[in-house]
Engineer: 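Input: one structure, supplied below.
Each chain gets a letter, A, B and so on, in the order its sequence line appears, and its residues count up from 1.
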Number of protein chains: 2
Amino acid sequence: MANLVTIKDIARELNISVSTVSRALRDTYDVSHDTRDKVLATAARLNYKPNYNAIGLAKGSTHNIGVILPFITNYYFSTVITGIQEVAYSKGYNIVFFVTNDSPEREVDILENLAISSLDGLLVSIATDSDAYEHFELVHKEGMPIVFFDRVANGIKTSKVMQDDYNGAFEATEHLIANGYTKIAHIAGPRGLSLTQKRLNGYLAALQKHNMPTREEWVIHSGFSQQCGEEDTYKLLDSEEAPDAIFAVNDRKAIGAMIALKNRKIRIGKEVGVVGFTNDPASTIISPTLTTIAEPAFDVGKKSCELLLKHITKKHFQPEEVILPGTLIVRESSIRN
Amino acid sequence: MANLVTIKDIARELNISVSTVSRALRDTYDVSHDTRDKVLATAARLNYKPNYNAIGLAKGSTHNIGVILPFITNYYFSTVITGIQEVAYSKGYNIVFFVTNDSPEREVDILENLAISSLDGLLVSIATDSDAYEHFELVHKEGMPIVFFDRVANGIKTSKVMQDDYNGAFEATEHLIANGYTKIAHIAGPRGLSLTQKRLNGYLAALQKHNMPTREEWVIHSGFSQQCGEEDTYKLLDSEEAPDAIFAVNDRKAIGAMIALKNRKIRIGKEVGVVGFTNDPASTIISPTLTTIAEPAFDVGKKSCELLLKHITKKHFQPEEVILPGTLIVRESSIRN
DNA sequence: TAAAAAAGCGGAAACATTACCGGAAGCGTT
DNA sequence: AACGCTTCCGGTAATGTTTCCGCTTTTTTA
């Protein structure tokens, strides 16, 4: 697997030095237009491919960016990855994966075993319970560029990209109100996650704006799974004042809610409205189809990667926090008739 | 991002040469137990992390393996990837992704632009229409280890891992027969793909074994999408002799079939049985729930990666073809009452 | 028109590691 | 006591590229 053609070959071919070839290829100063063109031409002719190991060794950098995330077998994350991949590929970067299975221990393990020398930067979405993120703080302090997406570590001063959880939740709730539901509950995510908090706040703000009633029992925190959504819904139905609509923190929990409603023979839409968040493909498969807020997953991936590349290439790039809007997609589960 | 501690530091610390340290770390010959232990101890104490760029440069290898596949936002492939990731991570390998979006052109582009020097091996599932695979042949000839999974290129002499399409289809069909369906149709995949052919053969073999009728119009070839499944089903329903059961090449097409049946007010299970293939999460969400053959996606990923690592480390590892069995999962869509 | 600056290029070191070769001990054998 | 094996280790070259420094040659400036 040794390199087929190197810059030495180009240099020999043109009777110039390797340093000149190197500069010409990178298009930096100190090389005339003429020789630069010649170098580029013969490089193309000989089918020259740079050896990233050598570059990495010399420059102390590679062309690999690491992606650390909880799961990959999941519509949202796999779509984000596709976005990341898109821009990374176009810029000649490779992406290497580390999946935490949502376990903070695994996350720490990955960070510690990370061959830090073989990664130019990190794109991360933290594990659910990772309230502690000193491990990220550490590698960041050591100079590793990091961009957080979706589940961000607020304490670390770097770029972050998220979807607009607040406004998405606001819009979802307002949609339920507009469709005549009056007792709207929220099946929330795990406490502590900023995503959970923002969606909750959006929900509360919409209720407040329209002078709708709120009740403490109408907000239930639990995990992200379908199972949790189902259990939460039974609790809601069994509470003193059962709600007539449910806004779930994600589609999986919304689907869990729908299953619970079906089990109790409650007609979805007509009697109890349901709105999710994500736009998982399952939301069009379940019957009735699920109204949801479509997350801009692909764009989150693209934007994060673009930002990371800026952090990598420009030494003092100012961190940006970008918030991408979601889109309400109205389907059957939130319509009265 | 320069390396923090190198083998030089270890050598200086112990007053020995770097070559000895190098040998000790790799646990090769020519180093005494005593010094090896010392080296290992101080390496751990100084928190030494190998620089893969340097290793790669010196040895002509990296610790990256490339994964080329059609999609990633899809249950099957993302699960395979999780399996790959699992073993790669445990062996200290990184995985780098290239998604073809099922486009042969993109596939060729990737292969051509591949920084061949930065990958130790390739794990690939070819694009649907990639009947030509000279591009893979080429890099394989140049010495790049390749393992194919799921969608394999038969012409290339290397390891392959697949699920047992034939027996899975056989079992699915037999299950329909056992449940009293007599006119069983097959919504197949695109022609030319070996996966398509094997599932078709399994279906036919089961029918033959039980002396069930077959009809040419009962086998329809088309793409893998839900849309295709729906269209195929309308054709079946409108054919001379409408079938009373449908075995689909995958779950998405099966779901398309169910949608078509629902649109025609045909009761799924009772009137027309449906069986899919994959065990996509959607199969438990749709109503009625979908009977299917669960593919061993995770194990396919694990096994492929294990084989690839053997090809990488052992120069003349004999190619293996492994076939992993699927599992019939009976749900509501194939039960008469 | 001489001096100063700029442009263009080459040489060599450096990056961290491995591979090859040679050599010094230490051992037993004759 | 000389010989030949092992065993263990060090020195050096090599991998492909970048970067720094310095040397010419050309252009600009005074």
Side-chain angles (χ1 to χ4, degrees), chain A residues 1-40 43 46-64 92 115-120 143 313 315, chain B residues 1-40 43 46-64 92 115-120 143 313 315:
Chain A
M1 274 296 74
N3 244 52
L4 312 153
V5 24
T6 74
I7 59 172
K8 270 186 199 163
D9 300 318
I10 301 178
R12 193 175 330 112
E13 193 91 355
L14 292 171
N15 253 318
I16 57 179
S17 75
V18 290
S19 22
T20 304
V21 175
S22 171
R23 276 176 306 219
L25 286 173
R26 280 171 304 131
D27 199 15
T28 60
Y29 329 87
D30 281 11
V31 46
S32 69
H33 264 276
D34 194 44
T35 61
R36 177 162 58 81
D37 291 347
K38 273 191 222 153
V39 168
L40 261 35
L46 299 181
N47 191 27
Y48 166 76
K49 301 268 175 63
N51 181 315
Y52 288 113
N53 278 322
I55 296 176
L57 188 57
K59 300 217 304 186
S61 85
T62 66
H63 264 208
N64 294 154
I116 210 166
S117 63
S118 76
L119 253 29
D120 278 6
T313 53
K315 50 211 84 196
Chain B
M1 273 301 69
N3 244 52
L4 312 153
V5 22
T6 73
I7 59 172
K8 269 185 199 163
D9 299 317
I10 301 177
R12 192 174 332 111
E13 192 92 355
L14 292 172
N15 253 320
I16 56 178
S17 75
V18 291
S19 18
T20 304
V21 175
S22 171
R23 275 175 308 216
L25 287 172
R26 281 171 300 135
D27 199 16
T28 60
Y29 331 85
D30 281 10
V31 46
S32 68
H33 263 276
D34 194 42
T35 60
R36 177 161 58 81
D37 290 348
K38 274 193 222 153
V39 168
L40 260 35
L46 298 181
N47 191 27
Y48 165 77
K49 301 268 176 62
N51 182 316
Y52 288 113
N53 279 322
I55 295 176
L57 188 57
K59 299 217 304 187
S61 84
T62 66
H63 264 208
N64 295 152
I116 211 165
S117 63
S118 77
L119 254 28
D120 278 7
T313 53
K315 49 210 85 200

Engineer: OP1 or OP2 of C:dT18 sitting under 4.0 Å from any side-chain N/O of B:R26?
Structural biologist: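 Checking B:R26 against C:dT18: at least one side-chain N or O falls below 4.0 Å of OP1 or OP2.
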
Engineer: Can you check whether any acceptor in the base of C:dG11 is under 3.5 Å from a donor in the side chain of A:S19, or vice versa?
Structural biologist: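 Between C:dG11 and A:S19, which were checked side chain against base, a qualifying N/O pair under 3.5 Å is present.
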
Engineer: Looking only at side-chain atoms of B:S17, point me to the closest of C:dT17, D:dT17, D:dG10.
Structural biologist: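 Looking only at side-chain atoms, B:S17 lies closest to D:dG10.
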
Engineer: Can you tell me how far NZ of B:K59 sits from CG of B:D120, rounded to the nearest 0.5 angstrom?
Structural biologist: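 Rounded to the nearest 0.5 Å, the CG-NZ separation comes to 9.0 Å.
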
Engineer: Out of D:dG16, D:dT18, C:dC20, which has the shortest distance to the side chain of A:S22?
Structural biologist: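 Output: D:dT18.
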
Engineer: Within less than 4.0 Å of OP1 or OP2 of D:dG10, is there a side-chain N or O belonging to B:T20?
Structural biologist: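 For D:dG10, OP1/OP2 do have a side-chain N/O of B:T20 under 4.0 Å.
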
Engineer: Any base atoms under 4.0 Å from B:S32, or only sugar-phosphate, or nothing? Heavy atoms, all strands.
Structural biologist: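 It contacts sugar-phosphate atoms only.
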
Engineer: What's the closest nucleotide to the A:R23 side chain, out of D:dC9, C:dG10, C:dT17?
Structural biologist: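 Side chain of A:R23 sits closest to C:dG10.
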
Engineer: Closest-nucleotide mapping onto DNA chain D: is B:N15 or B:A54 further toward the 5' terminus? I mean the 5' end.
Structural biologist: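 Comparing both residues, the 5'-ward one is B:N15.
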
Engineer: Measure from the side-chain heavy atoms of A:I7 and tell me the nearest of D:dT18, C:dC9, D:dG10.
Structural biologist: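 So the side chain of A:I7 is nearest to D:dT18.
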
Engineer: In whole angstroms, how far is the C1' atom of C:dA16 from the NE2 atom of B:H63?
Structural biologist: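 To the nearest whole Å, that distance equals 14 Å.
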
Engineer: How long is the line joining NZ of B:K49 and P of C:dC15, in whole Å?
Structural biologist: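 Distance check: B:K49 NZ to C:dC15 P gives 20 Å.
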
Engineer: Could you state the CD1-C1' distance from A:I10 to C:dC9, rounded to the nearest angstrom?
Structural biologist: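 For the pair A:I10 CD1 and C:dC9 C1', the rounded distance is 17 Å.
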
Engineer: Which of these, A:D9, A:L40, A:L25, sits in a side-chain contact (heavy atoms from CB on, under 4.5 Å) with A:Y48?
Structural biologist: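 The option that passes is A:L25.
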
Engineer: Return the value, rounded to whole Å, for the distance between atom NZ of B:K8 and atom P of D:dG10.
Structural biologist: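 It is 16 Å, rounded to the nearest whole Å.
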
Engineer: I want to verify a distance call: between C:dC9, D:dG16, C:dA19, whose nearest atom is closest to the A:D30 side chain?
Structural biologist: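 Taking heavy atoms from C-beta onward, the closest nucleotide is C:dC9.
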
Engineer: Considering just the side-chain nitrogens and oxygens of A:T6, establish if one lies under 4.0 Å of OP1 or OP2 belonging to D:dG16.
Structural biologist: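 So the side-chain polar atoms of A:T6 never come under 4.0 Å of the phosphate oxygens OP1 or OP2 of D:dG16.
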
Engineer: Whether the B:R26 and B:S22 side chains hold a donor-acceptor pair (N or O, under 3.5 Å, no angle test) is what I'd like checked.
Structural biologist: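 Present: a donor and an acceptor within the cut-off.
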
Engineer: Are the side chains of B:V39 and B:V31 in touch, meaning some heavy atoms are under 4.5 Å apart?
Structural biologist: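 They are not in contact (no side-chain heavy atoms under 4.5 Å apart), so the answer is no.
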
Engineer: I want to confirm an ordering. Mapping A:T35 and A:V18 to their closest nucleotides on DNA chain C, which one lands closer to the 5' end?
Structural biologist: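 By nearest-heavy-atom nucleotide position, the 5'-most residue is A:T35.
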
Engineer: Return yes if the base of C:dG8 and the side-chain atoms of A:R36 contain a donor-acceptor N/O pair under 3.5 Å, otherwise no.
Structural biologist: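 It does not, because no donor-acceptor pair links the side chain of A:R36 to the base of C:dG8 below 3.5 Å.
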
Engineer: Could you give the NZ-to-P distance, from A:K59 to D:dT17, as a whole number of Å?
Structural biologist: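 Atom-to-atom, A:K59 to D:dT17, this comes out as 13 Å.
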
Engineer: Could you tell me the separation between the CG atom of B:D37 and the P atom of D:dC8, rounded to a whole number of Å?
Structural biologist: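 Result: 12 Å.
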
Engineer: Roughly how many Å is it from OH in B:Y52 to C1' in D:dT15, rounded to a whole number?
Structural biologist: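 Rounded to whole Å, this separation is 19 Å.
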
Engineer: Got a second to check how far B:T6's OG1 is from B:N51's CG, nearest 0.5 Å?
Structural biologist: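 The CG atom of B:N51 is 9.0 Å from OG1 of B:T6, to the nearest 0.5 Å.
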
Engineer: Counting side-chain heavy atoms from C-beta on, which of D:dC21, C:dC15, C:dT18 comes nearest to B:I55?
Structural biologist: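 Shortest atom-to-atom distance from the side chain points to C:dT18.
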
Engineer: Got A:I10 and A:L46 here, is their nearest side-chain heavy-atom distance under 4.5 Å?
Structural biologist: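 Side-chain contact under 4.5 Å: yes.
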
Engineer: Just to confirm, is there a sub-4.0 Å distance from OP1 or OP2 of C:dT17 to any side-chain nitrogen or oxygen of B:Y48?
Structural biologist: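 Checking C:dT17 against B:Y48, a side-chain N or O does come within under 4.0 Å of OP1 or OP2.
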
Engineer: Can you check the B:N51 CG to C:dA16 C1' distance for me, whole Å?
Structural biologist: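 After rounding, the reported distance stands at 6 Å.
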
